Amino acid sequence: MRSKNKKFCLSKSRVILNQELAQRRFLLRFEAPEIAKKALPGQFIQVKVGGFDPLLPRPFAVSWTENDYIEILVEVRGKGSSLLAKAQEGESFNLLGPLGKGFSLPKGNTKNLVLVAGGIGLAPLRFLAWEASKNGYFITLLYGDKNQSCFLPLKKLLPEKVLVRSIVEEKNGQTGMVTDLLKDVIEEFKDSCFFVCGPKAMLKEVYGQLARKKIVRAQFSFEERMSCGYGACLGCVVLTKKGYKRVCLEGPVFEGEEIIWESI
Amino acid sequence: MGIDLKVKIGSLELNSPLILASGTCSLETFAFLKPEETGAVVLKTVTLKPRQGNPPPRLAETPAGLLNTIGLQNPGVEKFLEHEIDLYPSSYKLVGSVGGETIDEYVEVAKKLEASNRFAAIELNVSCPNVNKGGIEFGRDEMLLLELVKEVRGAVSLPLWVKLTPNTSNIEKIALETSRAGADALVVTNTFVGMAVDIETQSSRISTLSGGVSGPAIKPLALYLVYRVAKNRNVAVIGGGGIFNFRDALEFLIVGAQAFFVGTAMLVNPLAAKEIISGLKEWLAGHGFHSIKEIVGTFREPS
Ligand SMILES: Cc1cc2nc3c(=O)[nH]c(=O)nc-3n(C[C@H](O)[C@H](O)[C@H](O)COP(=O)(O)OP(=O)(O)OC[C@H]3O[C@@H](n4cnc5c(N)ncnc54)[C@H](O)[C@@H]3O)c2cc1C
Ligand SMILES: Cc1cc2nc3c(=O)[nH]c(=O)nc-3n(C[C@H](O)[C@H](O)[C@H](O)COP(=O)(O)O)c2cc1C
Ligand code: FES
């Protein structure tokens with residue numbers, strides 16, 4: 001029976017490490033052997049913070065795994081993420097995961113990958129970069145962020161081999177968004193496979209640029225308000241050519257071609 | 001521990017008083033349940049025609065509460081029976097939840113569900129706050145509701161549960177009339193209509209103006225409704241709204257519910273059902289009870 005096949009599990013997991021990476025951005029490492037064993041790039045976990053307020057668990061992309069450990073990158077936005085950012089090492093949280101459908105690496109001849117990250121959208125792409133570089137892919141990361149102080153320490157987070165081009169919005173000199181970076185370099189990467197994560201407006205703009213260049217191999221990781229994270233509530237939908245799909249179960253990663261972008 | 005979990009809802013015997021609420025469980029949920037500890041699983045409401053549901057955002061969190069505007073997304077009864085029902089394990093009692101815009105639609109869907117032979121009971125959702133037509137209108141308009149219950153009662157022979165709306169001022173009367181019209185059990189309560197505003201954009205935090213509130217925030221309100229409906233004692237009551245632990249469940253049983261349902265708690269913690277049952281067993285045993293039935297309706301009125 002399909003339903004008996006536990007693809008994800010619930011575990012009480014200890015925080016092993018909590019490190020401030022940049023302004024309002026933290027790296028948390030949990031001891032979560034079962035999740036670490038199963039997680040694939042693009043999948044996420046639900047972290048239960050607090051009791052009745054915040055009530056719902058919060059979704060975070062799996063950003064790295066090794067042996068018994070998983071890492072997430074947390075940007076402080078509201079109540080849940082700020083409590084998580086204050087987590088003490090040794091403190092335990094209920095984690096549910098790994099959840100959702102992740103990225104799929106291209107088969108065949110395509111060995112060039114372009115990862116496009118807007119801000120904390122780097123989180124799942126980081127995991128992908130590690131997996132892909134182990135498997136002999138060539139990786140270029142385009143990364144844009146709001147300002148210098150929240151800029152993530154890319155050297156520390158990514159495998160050495162990844163080629164990085166980055167940009168910040170607020171700075172004297174060269175400023176812009178990751179979508180401006182993409183515009184400059186898109187011609188070089190027409191035969192590559194794209195992986196994109198960031199705010200919805202950025203996903204939409206990236207899709208538009210790729211579509212104009214007839215680049216169809218592109219996977220997008222979506223964010224949507226969630227409650228359960230495992231497909232039960234139909235709360236987290238995105239409009240696709242086959243109707244509303246659950247971001248937590250049929251996603252969070254979708255092929256660009258599946259999405260009705262006018263609805264975004 | 002030798003606690004007898006079995007309860008009877010009309011003529012239907014359930015393995016336990018715990019029922020999974022409509023719209024808050026899916027195939028994935030069953031990995032966290034045990035048939036011998038689960039009374040029934042009410043599946044997501046289905047309608048005659050497919051419904052796309054409301055656009056996102058469909059959810060907003062409020063203090064101790066969840067505001068939703070799913071809008072009864074479902075594939076329609078035919079597709080549901082053709083492609084989905086067979087995926088559900090047969091070791092559980094399943095309840096088919098029916099929604100509609102007209103009485104004829106309710107009747108047709110109920111008949112189709114019964115004909116599939118997969119359901120132990122039919123639940124009429126006359127209380128969804130998130131659709132423009134039908135649903136809650138039936139729940140509020142007594143005459144319409146009575147006619148609906150009578151028609152469905154005449155058309156199917158499965159036990160008939162009616163899920164009432166809390167968004168009314170005369171729930172006692174509605175409950176009484178509904179049971180007279182042939183309902184085997186009343187399910188109290190669906191979500192409360194509510195709203196939430198994003199102060200930055202001065203607009204609704206969900207895609208519609210209002211939605212349904214569930215979770216711990218509604219528990220005292222739901223409990224009082226269950227108390228009022230159960231007081232009549234002429235029909236079985238399945239109570240719920242904000243049940244998150246075994247103590248919450250006990251409160252509903254004590255005020256007279258024969259069984260209780262769990263919804264939002266499962267979204268927060270898929271092990272909630274299991275934990276509630278083990279908590280109940282332990283508490284009852286520790287207090288000298290031998291069965292669930294002994295605690296039902298033991299509420300002492302203030303003098
Ligand atoms: C699949 C998935 C993966 C994610 N991965 C990461 C990650 O790796 N790192 C990270 O920092 N964040 C990630 N997020 C976003 C993260 O879940 C939200 O920032 C978090 O839930 C906010 O909780 P809060 O209590 O701090 O904020 P709240 O008080 O709930 O809200 C603060 C603000 O954030 C917005 N918000 C809340 N939840 C979401 C959401 N799910 N999607 C978009 N906006 C939201 C609200 O509208 C509000 O403006 C992910 C979201 C999803 C759906
Ligand atoms: C996301 C969501 C979807 C729901 N969908 C349905 C539905 O399709 N049919 C129905 O009768 N009730 C539906 N409900 C209501 C629940 O079944 C339940 O009555 C309500 O949430 C109160 O209980 P709770 O606080 O335990 O969740 C839904 C509730 C939620 C939170
Ligand atoms: S969050 Fe519940 S279905 Fe996706």
Side-chain angles (χ1 to χ4, degrees), chain A residues 1-12 46-59 78-80 93-97 99-100 200 222-240 242-251 260 262-264, chain B residues 20-21 23-33 44 50-75 86-92 205-207 211 214-217 219 242 244-245 263-272 274:
Chain A
M1 192 92 237
R2 200 181 104 185
S3 58
K4 277 288 169 197
N5 178 8
K6 263 194 206 183
K7 284 168 269 168
F8 54 90
C9 57
L10 192 69
S11 73
K12 200 164 183 72
Q46 287 265 72
V47 184
K48 179 67 186 100
V49 197
F52 283 173
D53 190 22
L55 181 70
L56 302 169
R58 299 296 196 249
K79 211 177 276 175
F93 292 88
N94 277 332
L95 308 185
L96 186 71
L99 298 163
K200 277 189 197 157
F222 277 78
E223 254 190 39
E224 190 49 63
R225 277 339 139 61
M226 290 186 175
S227 72
C228 66
Y230 61 89
C233 73
L234 299 179
C236 62
V237 294
V238 59
L239 192 58
T240 73
K242 291 184 179 159
Y244 283 121
K245 295 270 180 209
R246 289 164 289 188
V247 171
C248 70
L249 197 74
E250 283 96 13
I260 308 272
E262 296 76 44
S263 75
I264 303 295
Chain B
L20 279 296
T24 54
C25 39
S26 65
L27 289 171
E28 287 67 29
T29 311
F30 289 87
F32 296 93
L33 303 176
K44 177 79 187 163
R51 287 183 59 97
Q52 180 171 244
N54 292 332
R58 288 178 173 183
L59 302 170
E61 188 183 283
T62 59
L66 171 63
L67 177 67
N68 90 77
T69 182
I70 310 296
L72 291 189
Q73 177 179 332
N74 80 92
D86 288 339
L87 302 171
Y88 287 91
S90 51
S91 45
Y92 290 83
R205 284 174 56 203
I206 51 178
S207 67
S214 64
K219 200 198 80 184
F244 263 59
N245 54 47
T264 306
M266 290 298 286
L267 306 177
V268 171
N269 168 19
L271 284 177
K274 246 187 196 166

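In this text the structure is predicted, and so the values were computed from the model without any measurement. A note on names: the letters A, B, ... follow the listed sequences, proteins ahead of strands, and every chain is numbered from 1.
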Side chain / backbone / both / neither for Leu239(A) at chain B, heavy atoms under 4.5 Å: side chain

Which portion of Leu96(A) sits near chain B, non-hydrogen atoms under 4.5 angstrom: side chain

Contacts of Arg58(A) that satisfy salt bridge (charged side-chain N to carboxylate O under 4.0 Å, His left out) - sequence neighbours left out: Glu61(B)

Test side-chain hydrogen bond (donor to acceptor under 3.5 Å, both in side chains) applied to Thr264(B) - qualifying residues, sequence neighbours left out: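 With sequence neighbours excluded, Thr264(B) shows a side-chain hydrogen bond (donor to acceptor under 3.5 Å, both in side chains) to Ser214(B), given in chain and number order.
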
Parallel, tilted or perpendicular, as decided by the 30° and 60° cut-offs, for the rings of Phe244(B) and Phe52(A): perpendicular

Pairs of heavy atoms under 4.5 Å with chain B: top-ranked of Gly231(A), Ser227(A), Cys236(A), Gly50(A): Ser227(A)

Top of Gly243(A), Cys228(A), Ser263(A) for chain B proximity - count of heavy-atom pairs under 4.5 angstrom: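 If we count pairs closer than 4.5 Å to chain B, Cys228(A) comes out on top.
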
Chain A contact via Pro216(B) - side chain, backbone, both or neither, heavy atoms under 4.5 Å: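 The answer is the side chain of Pro216(B).
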
Contact origin within Pro55(B) toward chain A - heavy atom pairs under 4.5 Å: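 For Pro55(B), backbone and side chain are both near chain A.
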
Arg246(A)/Glu224(A) ion pair, N-O < 4.0 Å: no

Contact summary for Phe30(B) and Pro89(B), nearest pair of heavy atoms: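 Of all heavy-atom pairs spanning Phe30(B) and Pro89(B), the closest is CD2-CG, 3.5 Å.
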
